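Accompanying notes for the structure given below.
Treat the numbers as computed from the prediction; the structure is a model and nothing was measured.
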Amino acid sequence: MAPLAKQARIPALLAVGLLPLHASARLAGSGAQAQAQAHQPRHGDLLSELEAHLGSDHRADTEARVARLEEALRPLFESLPKSEAGLVGVGAARYALHRTFVQLHAWQVKGLEPTGTSWDLVSPAEALGAAPEQVRGIFEARFGSGGLGLHDLSVLAASVEGLVHAETEARLRAATAATVGLDAAEGMLSEKEADAVMGAYMATYILGTTVSEATPDVVKNLVDIEIHSQYPNWGKTKRWMREVRQDVMPGARRFSFSNMTTILEEVADRYGLWQATDCKGLKTELMAMEDVNGSGRVRLADFYKAALEGQNWQFSESVEYLRQLGALDESRPDLPRLIIANYVNSPTNCVASLEYYGVHGPAVGCWHGASWRGPLAVLIVGPPRAPLRPTWWISPPAVVQPPACL
């Protein structure tokens, strides 16, 4: 039985793709919006409970993030199914957090991402990863006793975001030690040293090297050889990082560890949105291979042919893996086809895979004539726990306002 007996369970909304936040807020209508104005309990209690386990520094960091995340979550929260007390349960909370992190940072947070099953089968508290069990238990207890209001959901989002930025700090320490041989917390870096450290940090970030693996020899190999062979846009990425550094600290020539942490947190926040151009290029290439104009599908034989002929080495996933992604249309067994929207927006196209999240450009799609070509296109119809079977292409409801083409 779900934690909220009277709560409507969130339907299986999308196979992989996402609607823009402003669009989905209109889907639920005025009834859900009225519910969202219901009593929001325990505003101070949750932060106090977390402080008892994680300390005052964690509380200060979380409070600094909550207001921003609450505003980002609000439109979607208002559209979600709730209990009579205005609280969301496991499925709705997980869906809302996943959507928001993708829209804000292009992060596919582990524990929140779509898995091809019902959204309420995995608690969003799993996104807290290595946090103490007692901390996850605090959120689980709230789900068990009714769910989360907007404020408490924002606190959970802030806690996840804080863990991601703690990983940034640990990765920075490893990159600094491996690159310039300093204790990252001591001394000042020159502009040249700062760029070298940022390059080492980003190479481990993109290639998914863990902090414990980032020894000087490993990092040197990544920077000198691996990143160039595995990531064609490395030169462009380094130029972009320098631009971010200059945005965050214009005119600076010396950099402390605190300065570098601030810069690289900004890099982590912006990177997924910046590299979304890669996803758009991938979508354009696949749309050019459509079997029938407007179908949103590519014959699997054509998909693999592009890899075999060297047009795109990336098109190499197995049939079984594409099936698990929900990116394979097998409605005609003699003519399996790739579903473009689900493939482009799937975790397989994450550029980086880290401890808490993978980096993926935001959902890519646009209106073309009377049809939507993008992540809304493949909808799942059926009971909430039904297996995901994305096997048809339809137009979205008229109430959704079309965003500009990406």
Side chain proximity check, Ile340 to Phe303, heavy atoms < 4.5 angstrom: no
Donor-acceptor contact present, side-chain Lys82 to main-chain Gly149, <3.5 Å: no
Salt bridge flag under 4.0 Å for residues Arg59 and Glu63: yes
Derivation and outcome, salt bridge (Lys or Arg N to Asp or Glu O under 4.0 Å), residues Glu330 and Arg323: CA-CA 9 Å; Glu330 297 179 279; Arg323 186 178 291 124; 2.8 Å; yes
Between Thr210 and Ser212, a side-chain donor and acceptor under 3.5 Å: yes
Glu49 side chain reached by Arg142 side chain, heavy atoms, under 4.5 Å: yes
Close side-chain approach of Tyr205 to Thr168, heavy-atom, < 4.5 Å: no
Residue pair Met289, Lys305: steps toward the side chain to side chain contact (heavy atoms under 4.5 Å, CB included) verdict: CA-CA 11 Å; Met289 297 164 60; Lys305 181 181 178 182; over 6 Å; no
With Glu243 via side-chain hydrogen bond (donor to acceptor under 3.5 Å, both in side chains) - residues at least two apart: none
Intermediate values then yes/no, salt bridge (Lys or Arg N to Asp or Glu O under 4.0 Å), Glu78 and Arg74: CA-CA 6 Å; Glu78 290 176 352; Arg74 187 183 305 278; 5.1 Å; no
Option from Asn221, Leu222, Ile227, Val223 for which side chain to side chain contact (heavy atoms under 4.5 Å, CB included) with Ile225 holds: Asn221
pair Tyr343-Val298: side-chain heavy atoms closer than 4.5 Å: no
Reference residue Leu338; test side chain to side chain contact (heavy atoms under 4.5 Å, CB included); the match among Asp329, Asp302, Leu286: Leu286
Pair Arg136 + Glu140, salt bridge at N-O below 4.0 Å: no
Distance, nearest 0.5 Å, that separates CG of Leu87 from CZ of Phe143: 10.0 Å
Side-chain ion pair, Arg297 and Asp291, N-O less than 4.0 Å: no
Test side chain to side chain contact (heavy atoms under 4.5 Å, CB included) applied to Leu128 and Phe139, step by step: CA-CA 10 Å; Leu128 294 171; Phe139 289 102; 3.7 Å; yes
Non-hydrogen side-chain atoms of Met198 and Lys238 separated by less than 4.5 Å: no
Residue pair Val319 / Pro336, side-chain heavy-atom distance below 4.5 Å: no
Asp120 side chain to Ser118 side chain, donor-acceptor N/O pair below 3.5 angstrom: yes
Donor-acceptor pair between Asn259 and Thr262 side chains, under 3.5 angstrom: no
Any residue meeting side-chain hydrogen bond (donor to acceptor under 3.5 Å, both in side chains) with Lys220, in chain and number order, not counting sequence neighbours: Asp224
Side-chain ion pair, Arg245 and Glu191, N-O less than 4.0 Å: yes
Trp240 and Trp274 aromatic ring geometry - parallel, tilted or perpendicular at 30°/60° bounds: parallel
Exam field: side chain Ser79 to backbone Leu76, donor-acceptor pair closer than 3.5 Å: yes
